[in-house]
Structures are given as C-alpha cells and as structure tokens.
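To start, the structure itself, in structure tokens.
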Amino acid sequence: SNDTILVITSYPNPENGKFGKRDFNAIGEHAERRLPYLAQQGKILVAAEKSGTTKQFLAADNLLITRIWEKGNYASFWQLFLFLLKTYKVKSIFVQFEFNVFGGILPNLLVLAMLAVMRLLGKKVSFELHQVIMDVGTLYKHVPIKTRALQLAFNGCLRIFYTLLGLICTHIIVFEEDLKLRLKTFVPESKIHVLCLSIVKKDMPKKAVARRKLQLSPKEFIVLQFGFINGYKGIDWATKALTGANVRYLLVGGPNPYLQNEPFYKTFYKSIVNGLKKRANMTHIGFIPETDIKLAYAAADIVLMPYEVFMSASGPFSQALAHEKPILLSEALLLYGKSADFRSAMSEAGLYKNDLFFPFEKKKLQSMLQKAQTSKAYLKRLKIFSVSLREKRSSVHVMRHLYSILVPEENLASSYLPKLMVQS
C-alpha cells in the first residue's frame, strides 16, 4: 500500500547508534524495534518526542522521524496539534502510549483532545495501550500514591480515561488477551484488538564466551532477570527467595528513566542494589548497550520473571523468547495463558501450568530451579516453549496484522509524505 500512517511516539537518537541509548524510555525502544517492520508495509511519518540535536531523519526506508513534542511541555503539544493539522492529507493516526510518556494526567488529556478533533476531521485514530491498570493500589511499590482515598480517586480517573478512549478512537490495540477483557467494560469490544509484542530471533554467542566477557563463572547455573528495575517486578522478593540457593541470580538492568529522579524511587533502587551486593550468589549489572544484551541471555541458563503485578505485556519476556531461552514466570502472570498462541506453545512443549508458573513460595521456586538444573528434559521443554511462541509472534507477521488494522484495504487513500528536508 502507498498510504501513510502518522505515528505519535518516542524514538531514540540516531547519534547514539541503533538502539544506542538504552535509557531513553520503554516506548522509544519499542518504537525503534518495531516501526521499521511496519514501514515495510507502507510509509510511516513519526511525530516524535524531542531529544538530542537531530530534528529529523530517515530511520529506515519509508520511516521518517521528525521531533515535535516534549514531555510535560504544554507549548510543544500546541506544536503537535499544528503538525497534525498541517499533515491533513494523512488519514490514519497511530499513538503508542504508556501513562507517563507525555508527562502526566493533563498532557494525556491534551493528547486525547487533539485526537478528538482529528476524529471530527474524519481521521482514523488508533491507540496502542501498553498498560491497562484497574487498581493503582497494586502498584504501591512503583508509584507514590499511598493513601487509599487517593488511590480510589486515581482509579476513577483511569476509568474515565478508558471510557474517553473508547469514544474517541477507531481502534485500541493491546498486547494480551486479559488486557482486552479488562478494557471491554469501558470500550466497545469491536474496537479492541489483541496483538502480541512482535519478536525477531536473536543470534547469540556461545555461553562460555558470553560468561567470560561478563566475568561470570563458567560452571554456575545462572538465573537471569532482565529489564528496568521497577517495584512491581518482584526483584526484592526474588532476592530473598534465592539467597543461599545453588544458583547465581543475575540482575541486568538500570533505573527506570521515568522515575529515576523521584525520591521514593531512588530509595527503592538503592535498597535493591545494596541488597544484591550483600549476597554472595548474586550479581547486578546495570545499563548495558544493545550490542551486549545478547551476552546476558547467552550467559544465562534460565530467565526468571517474578512479577508481582500483571499490567502489561513484557518487553523482557519478549527478549527471552527472541533469544529462545527457558523461562519461569510468577503466578501473577498466569493470565498470559489467556492468549491462544501462549496456550498452543505450552501444549507443543508438553508443559503444564505448574511447569512454567511458580507461586510466591521460596521452596517452590528453588525446587523448580533445582529440577531445571538436574533434568535436561525439563529444561529442553521450557526452551521448546520459547522457540514455539517466538515463531508465532514473528515481527513480519505481527506488523502485517497491525498495518491491516491501521489502514484497512477498503479505506486505502492516496499516498502522502511531507516533503521535508532531512537535517542532521
């Protein structure tokens, strides 16, 4: 198709190299990994968050990035609105969204107001909702909303937000079946589409090479947890549960860039890092560049996800699948199993719920890890699951599906891409 899609999102800087600045934010990383595949289907114009010195560049064939808005800067949202009016020939607008990507409640409402105007002007508006949170109280370790009265007020605001989304948007995209089930209370079910996080298979070095480069023991059984250090990910629980276990717990991840300047988060982050330092069988590696992520996965025997809250699809989970690693998930993530491809991959691997998911019981987790160390057959079945699910979630397949939602064949319009000079 020759149609153009205008995407509102964050996007990292080209001066840092491909995937160079890993602390940009999760949405930026998500966009950089996936939009080039969407651009294989048709032309993409990105109205991106301001960052760095490069105001405009071609990130890939058919993928033009132009920096328009700034997080929390209300004047810049006026510039975004003018940009949307200027690109009036573009018929499809696509927003990639996490709750703090635009800077808070008021910026989120401003963006919704812009989208409402675009709908009135006849545009198709699609919204990629990365989290569906029903009770902010479950995120007490992650957000500084502590009193129940404040939490209830915030929950009410969330419900209004979801309802407005349903009224304004043509389509809403989520990444897990259970997120759709939560959302359909507020949004017509016909508008909600479930797409998995798309995955590209990663090549990895040999385990011995990776461990040598990361200065890890060649003989230990390494349990990897990867990603930003966030309160809801159960890192503090895993640290206690694996203290003294016959494994090396390897945490690879730095501070959440959205929260790293918040006092409550600084305290939490420091407690995690200091706790790991005190334990002989634990290693923390902070930020690592994209080129070294494969080393962390290659060095690991198994990947652990002790998440305490299920609020979104997980980037680290997709990374584990991309690297075809055996994985164990907490029972808080049992609802992943509502997705048909997840259940199918479990069946193909011969896995039952108790093989893949662990309760928050120290002895049970240690028992499953012991089984993974002593039973090659069990570890192989866990890997077969990852390989199978990775194949079902290939980027080309998922982006084709996404494109068909954003620009259905019967609505294809004439091509439009602003003739802007590429500056650097």
Between Arg393 and Asp341, is the salt bridge (Lys or Arg N to Asp or Glu O under 4.0 Å) condition met? List the steps. CA-CA 8 Å; Arg393 297 185 174 185; Asp341 60 353; 2.8 Å; yes
Distance-only polar pair, side chains of Glu128 and His130, donor-acceptor under 3.5 Å: yes
Quick check on salt bridge (Lys or Arg N to Asp or Glu O under 4.0 Å): which of Lys376, Lys219, Lys383, Lys207 does Asp301 satisfy it with? Lys207
Please check if any side-chain donor atom of Gln225 sits under 3.5 Å from a side-chain acceptor atom of Tyr249, or the reverse. yes
Please find the pair of heavy atoms, one from Leu197 and one from Gly315, that lie closest to each other, and give the distance. CD1-N, 4.1 Å
Can you classify the ring geometry of Tyr336 versus Phe317 as parallel (below 30°), tilted (30 to 60°) or perpendicular (above 60°)? tilted
Find the distance between CD1 (Ile302) and CD (Gln373) and round it off to the nearest 0.5 Å. 9.0 Å
Using distance only, find each side-chain donor-acceptor pair of residues 350-367 under 3.5 Å and give its atom names and separation, not counting sequence neighbours.
from, atom 1, to, atom 2, distance (Å)
Asp355, OD2, Tyr352, N, 2.8
Asp355, OD2, Arg381, NH2, 3.4
Gln366, NE2, Ala241, O, 2.7

May I have the list of side-chain donor-acceptor pairs in residues 324-331 shorter than 3.5 Å, sequence neighbours left out?
from, atom 1, to, atom 2, distance (Å)
Glu324, OE2, Arg390, NE, 3.2
Glu324, OE2, Arg390, NH2, 2.6
Lys325, NZ, Tyr297, O, 3.1
Lys325, NZ, Ala300, O, 2.6
Ser330, OG, Tyr307, O, 2.5
Ser330, OG, Ala332, N, 3.3

Whether Phe77 and Trp69 hold their rings parallel, tilted or perpendicular, with breakpoints at 30° and 60°: parallel
Is it the case that the side chains of Glu70 and Ser76 hold a donor-acceptor pair, with the cut-off being a distance below 3.5 Å and no angle test? no
Given the rule in the side chain to side chain contact (heavy atoms under 4.5 Å, CB included) test, do Ser388 and Lys392 qualify, once you have shown the distances and angles that lead to the verdict? CA-CA 6 Å; Ser388 174; Lys392 298 176 193 304; 3.3 Å; yes
With rounding to the nearest 0.5 angstrom, report the CG to CD distance, Leu250 to Glu220. 10.5 Å
For residues Glu348 and Ser344, is any side-chain donor paired with an opposing acceptor at under 3.5 Å? yes
Using the ring of Phe310 (Phe, Tyr or Trp, six-membered ring only), decide whether Arg182 places NZ or CZ under 6.0 Å from its centre and within 45 degrees of its axis. yes
Check whether any side-chain heavy atom of Phe268 sits under 4.5 Å from a side-chain heavy atom of Glu262, and report yes or no. no
Would you please test Lys213 and Asp292 for salt bridge (Lys or Arg N to Asp or Glu O under 4.0 Å) and show each step? CA-CA 10 Å; Lys213 287 187 176 181; Asp292 287 347; over 6 Å; no
